[in-house]
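So that the names make sense, note that chain A is the first sequence line, chain B the second, and so on, each numbered from 1.
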Protein chains: 2
Amino acid sequence: MKYSDLAMGLKASEIRELLKLTTMPEVISFAGGLPAPELFPLEELTKVDVEILAKEGQQAVQYGTTEGYLPLREKIAGRMKKAFQVDCNPDEIVVTSGSQQGLSLLAQIFLNKDDVVLVESPTYLGAINAFKLCDPKFVEVPTDDKGIIPEALEKILAEYGDRVRLMYVIPEFQNPTGITWPVERRRAFMDIINHYDFPVIEDDPYGELRYDGDVVPSLKSMDEKGNIIFLGSFSKIFMPGLRVAWMVANPEVIDKIVKLKQAVDLQSSSFAQRQASFFIDMFDLDGHVEKIKDLYGKRRTLMCDSMKKFFPEGITFTYPEGGLFTWVTLPEYMDAKEIMPKVLEKNVAYVPGGPFYPNGGNANHFRLNYSNMPEERIVEGIKRLGDVLTQEIAK
Amino acid sequence: MKYSDLAMGLKASEIRELLKLTTMPEVISFAGGLPAPELFPLEELTKVDVEILAKEGQQAVQYGTTEGYLPLREKIAGRMKKAFQVDCNPDEIVVTSGSQQGLSLLAQIFLNKDDVVLVESPTYLGAINAFKLCDPKFVEVPTDDKGIIPEALEKILAEYGDRVRLMYVIPEFQNPTGITWPVERRRAFMDIINHYDFPVIEDDPYGELRYDGDVVPSLKSMDEKGNIIFLGSFSKIFMPGLRVAWMVANPEVIDKIVKLKQAVDLQSSSFAQRQASFFIDMFDLDGHVEKIKDLYGKRRTLMCDSMKKFFPEGITFTYPEGGLFTWVTLPEYMDAKEIMPKVLEKNVAYVPGGPFYPNGGNANHFRLNYSNMPEERIVEGIKRLGDVLTQEIAK
């Protein structure tokens, strides 16, 4: 058999492959981005399912529209206003099968081969993999501890001009770094963007999970030209296994996304969309989010405190105000991927940082997740990791 | 904003757009391909959901593997043996979000722009739309009332040779024609295919819904070289809104599909996969399929009998042994799309046949679905349709 060029370029996501290694119960895994399963509201979901089948049984399991279940899109519009300061209506929203689908659909409608896509350096691995299917040129925009550096962005835009067809950013609790762009940085970014016509994806799966500091307005709320495409998700505030996320964009983009989604998978699950929608009607999603924030905030603090205690000097890490991840930077001569086997030997796992840079390099970082492990395992895992790092740094 | 070439070529599926027009309760719609909602086992599904959440609650809503829920893949392997005479193991199976996703994933791993894809003439509109995303050249293989004509296929293969990268067929109760390939025709087809190395997709969403005649072996069961890729689905034998389907292929193809699916939507719903799997454990899916067959078989007969009674001379239609559709052929000078507004005026809907031919032409057909309307509406709808056709044919 002969495969397409796309198929010949396919590589398994290093994260997904790692996750396979780390499902053994003895492994303290900081590798994935999994929510804490003990917080899933399972009793409530049981009631939700019974109610769905009693009230909308036939429609709940029948084919539905590609755009998504209207009552859910209405609730999402309300949530966009309350949590993200965005005025939008259901016609500007399409439900996707996870934000991963949103990313791959957007890549397909905007990117031809060799077009330039701008991303933060580093950026989310899943987005890199989705964009790669279109074989674009990745240009990494330098970042500091406040996100994208506006001057660096301007220079890149001057250099690449019309070749830039898409930009992808995570201004809130970034994956992998945990960094949040402050409001001044966002304003400076939007001042630049509003002079251009290319679409910018604002990926915000963790935006509601803030543990400290003040809420910062979303880019979409500052969007004057309809260039910002917002991706939100129920994966981190409700349940990831249902695969229910959403995209907010101008009607022209939504129209193209809906047509593409028709060809790609017809629609997202009629039933899962109702699980999210009925849960919001029947229970207190905001209250549930508070519980998540309490737990993850504690784990974030505990992980950072443990790193301070157990990591040797010369290693730095971010202190995220929210989200699921912290980002560890080793001295430049060290390689997180090379150290990985020694860490796995101690039954601890992280994700090496290299793959978060689409053009390679930057081997001296790794990403840690703190949402999925209970407190005692966080301390024990970081202690073991500190032991390995102390040995390695002394070499 | 500038869009990709793919986006500029996107058109809404005519079927999906039509479905929107036909959701008003007064319309007798033979247009979609919807299962009969009154047969959905909703009480059983309620019990299934309660059981899933009690037994596997956390995993049922957490991230899962891209390949799919292993117990479901094991049950699918069993079903492949029993219903489709195919020996396979779970490693050769990946769960997809509907067979529509299977089609779009397969197109992406096999087709570059301008590669040749062979299809039956006519063929399933959803497949055409999925393949179109890769901008291939469609070559339609002539069919008769027994499916693909082997001599015609040989001629086309001689002409296009190595440019042929994929073939797509529906040998069982074809969509749109309702035609089934007899066993001799399948053998002749496989004799040809086994001399080549390109993959052939055997799409079989209705295979278990046979109302008359003997079971015919699947192409996959005659596959000597691992070139047949089989698509099966729970949409027509269980519930379409859950979006659970499967692909059976050789491990090399499965490996590429899994890597692509990681980038495209990570995984299908953890929960929906368990809904199918637990239902099979807890209830009698085969018994449920029997109920569907009883009802649809009656409706098929009633629709065909009504057409015989109410359609004017000069109009022919297929008498399907199973599945959901019959295919109506008008005199060549007539155009089913032009007649459509007059039919809609009578609150009846069908799908004009033109779009089922990727290279156009053939306006003198339409597709009728008989699974979704109750008996009295089938008779009334065909009567109204007959009235319009009688008027039109007399012009």
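- Heavy-atom distances place no part of Gln273(A) under 4.5 Å from chain B, backbone and side chain included.
- Heavy-atom distances place the side chain of Asn250(A), and not its backbone, under 4.5 Å from chain B.
- Looking at residues two or more places apart in sequence or on another chain, you find a salt bridge (charged side-chain N to carboxylate O under 4.0 Å, His left out) between Glu51(B) and Lys55(B).
- We find that Lys2(A) and Asp115(B) are not joined by a salt bridge, their nearest charged nitrogen and carboxylate oxygen being 4.0 Å or further apart.
- Highest contact tally toward chain B, considering only Pro199(A), Ala272(A), Ala127(A), is held by Pro199(A) [criterion: heavy-atom pairs under 4.5 Å].
- For the residue pair Phe40(B) and Gln58(A), the shortest heavy atom distance occurs at CE1-O, 3.7 Å.
- Cation-pi geometry between Lys256(B) and Tyr3(A) is satisfied (NZ or CZ under 6.0 Å from the ring centre, within 45° of the ring normal).
- Residue-environment remark: CE (Met24(B)) exceeds the threshold of 12 foreign heavy atoms within 6.0 Å.
- Atom CG of residue Leu266(B) and atom CG of residue Asn129(A) lie 9.5 Å apart, to the nearest 0.5 angstrom.
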Handout entry: Stepwise side-chain contact (heavy atoms from CB on, under 4.5 Å) test for Phe271(A) and Met239(B)
Key = CA-CA 10 Å; Phe271(A) 192 80; Met239(B) 297 164 174; over 6 Å; no

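- Among all heavy-atom pairs drawn from Ala130(B) and Ala263(A), the shortest one is CB-O, 3.7 Å.
- In this structure a side-chain-to-backbone donor-acceptor pair under 3.5 Å is missing from Gln62(A) to Leu34(B).
- Within residues 103-113 of chain B, the residues having any heavy atom under 4.5 Å from a heavy atom of chain A are, by residue number, Ser104(B), Gln108(B), Ile109(B), Phe110(B), Leu111(B), Asn112(B).
- For chain B, no part of Glu43(A) is nearby; none of its heavy atoms comes within less than 4.5 Å.
- When all heavy atoms of Arg243(B) and Asp265(A) are compared, the pair lying nearest together is NH2-O, 3.3 Å.
- Taking CG from Asp49(A) and OG1 from Thr46(B), the interatomic distance works out to 8.5 Å, rounded to the nearest 0.5 Å.
- Contact tally against chain B (heavy-atom pairs below 4.5 Å) for Ser97(A), Pro35(A), Gly98(A): the top residue is Pro35(A).
- Minimum heavy-atom separation, Met1(A) to Gly226(B): CE-O, 3.2 Å.
- By number of non-hydrogen pairs under 4.5 angstrom with chain B, the leading residue of Ser269(A), Ser270(A), Pro240(A) is Pro240(A).
- Here CD of Glu44(B) is found 11.0 Å from CG of Leu53(A). Values are rounded to the nearest 0.5 Å.
- At a 4.5 Å heavy-atom cutoff, Val258(A) makes no contact with chain B through either its backbone or its side chain.
- For Thr96(A), no part sits under 4.5 Å from any heavy atom of chain B, backbone or side chain.
- Among Asp5(A), Leu6(A), Asp197(A), the residue with the largest count of heavy-atom pairs under 4.5 Å with chain B is Asp5(A).
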